[in-house]
**Student:** 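Could you have a look at this structure, given as structure tokens, before my questions?
Both ligands and their constituent atoms are indexed starting at 1 by order of listing. The model shown is predicted, which means the values in this text are computed figures rather than measured ones.
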Amino acid sequence: MARKPKIHVIGTGGTISGAGDTATAGAYQSGAVEAAQLIAAVDGLDRLADVSAETIFATGSENLGPVQWRQLARRIEEVCASNDVDGVVVTHGTDTLEEAAFYLDLVCRANKPVALTAAMRPATALSADGPANLFQAALSISSPHFQGGGVFVVMNTQVIAGWQAIKTSSVALDSFCAYPGGSVARVVGESLMMIGGRQSSPLAGRFHGVLEKDEELPVVDIVALRGGCGDRPLSNANTNDCKGLVIAGFGSGTMPDTLAAEAADMARSGTVVVVSSRVGRVMVSAHSTSTRLDDGVIPSGCLNPQKSAVLLSLALADGLDAAEIAGLFQLFSASSQ
Ligand code: SIN
């Protein structure tokens, strides 16, 4: 790209756009700073790229979900269709960033790169991390390495394949990392050091069709286990309108015997049940769960409960049955080959 790249920034709120009363206040209001103001505060960004901006949501990411992600995905595709844009940066809250990034990976087919970025400290904080993250996101997608497209998360110098991003700390600047892979690249000053391969998810763009529909995604609940819970989490859960259920089990997907039996009953009576784990870095396989594959319960592979819920709801919206959905989750598991 001989000319300056053209980057469009879409603001959705989050701490990156948060403002507190003082530079040291812990409390702040999400979405108080427009995307245009955010980019104006990034020294050197105008040397790097021609940057335009819009704000489509101004709220904490706890208020965003499939309805807003679909609106965001449609806008990304619209913007990327223009010859006037080389890539898109989305500013977002960190709390549901990993789900938004996975959703975008699964539904978007834009042939230009999309980088989600965020901040652990509000825009008004002493040593706010948002401006550097925004700069690094724009720098990354301006690189020829990313010109084919794809969804990435850029935080704290790390360029992470979007579907692999996980949030590991409530406060640390290095909260985001890649799992199960490593970072794709690292930003060093104004340069990019490529480390890993591109690593699109095995289902990148698979659910593009959802962008043509206006119906809400089917309800998928997550049930989290605690030591000594017995079968209470399922016997007390109101799962009547629930088409799919994700169990955040222990370690590698284990659960109390009585609960495993109840999960198998639910699967037999038509709810699609996926077993993930409450640990930070999940690996649940057919032989590690307390349920058996022939019980109809699906192991989540490396997907944590919240990412499992995203994939399960998209698969259900697509009309897939339990066996077909098991095949999708298998793509995120270790294979015996
Ligand atoms: C949010 O996710 O909107 C709040 C937390 C953050 O952005 O770090």
**Student:** Does some non-hydrogen atom of G13 fall short of 4.0 Å from ligand 1?
**Tutor:** no

**Student:** Compute the shortest N/O to N/O distance between D95 and ligand 1 and return yes if it is under 3.5 Å, no if not.
**Tutor:** yes

**Student:** Nearest 0.5 Å, please: how far is NE2 in H8 from CD1 in I76?
**Tutor:** 10.0 Å

**Student:** In terms of residue, atom name and distance, what is the protein heavy atom nearest to atom 8 (O) of ligand 1?
**Tutor:** T94 OG1, 2.5 Å

**Student:** Please list the nearest protein heavy atom to atom 3 (O) of ligand 1 with its residue and the distance rounded to 0.1 Å.
**Tutor:** S61 N, 2.6 Å

**Student:** I need the atoms of ligand 1 closer than 4.0 Å to a non-hydrogen atom of G60, numbered in the order shown.
**Tutor:**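 Answer for ligand 1: 3 (O).
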
**Student:** Is the closest N or O pair between A119 and ligand 1 shorter than 3.5 Å?
**Tutor:** yes

**Student:** So W69 and Y103, would you call those rings parallel, tilted or perpendicular, with 30° and 60° as cut-offs?
**Tutor:**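 Tilted: the ring planes of W69 and Y103 meet at 30° to 60°.
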
**Student:** Under the 3.5 angstrom rule, does the side chain of N133 hit a backbone N or O of A119 as a donor-acceptor pair?
**Tutor:**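 Judged by distance alone, no pair lies under 3.5 Å.
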
**Student:** Under a 4.0 angstrom heavy-atom cut-off, which atoms of ligand 1 come close to G14?
**Tutor:** 3 (O), 7 (O)

**Student:** Looking at A25, is its backbone amide N or carbonyl O close enough to the side chain of T22 to form a donor-acceptor pair, meaning the two atoms are under 3.5 Å apart?
**Tutor:**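 Yes, because the side chain of T22 sits within donor-acceptor range (under 3.5 Å) of the backbone of A25.
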
**Student:** Quick test: of every protein heavy atom, which one is nearest to atom 6 (C) of ligand 1, and how far off is it to 0.1 Å?
**Tutor:**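 In this structure, atom 6 (C) of ligand 1 has T15 OG1, 2.7 Å as its nearest protein heavy atom.
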
**Student:** Enumerate the atoms of ligand 1 whose separation from the nearest heavy atom of E62 is less than 4.0 angstrom.
**Tutor:** 1 (C), 3 (O)

**Student:** Does A118 approach ligand 1 within less than 4.0 angstrom via side chain, backbone, both or neither, non-hydrogen atoms only?
**Tutor:** neither

**Student:** Do you know the tightest heavy-atom contact between P218 and K243?
**Tutor:** CB-CG, 4.0 Å

**Student:** Pick from S308, C302, S276, P299: which one makes a side chain to side chain contact (heavy atoms under 4.5 Å, CB included) with F329?
**Tutor:** S308

**Student:** Classify the ring geometry between F102 and W163 as parallel (under 30°), tilted (30 to 60°) or perpendicular (over 60°).
**Tutor:**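 F102 and W163: tilted rings.
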
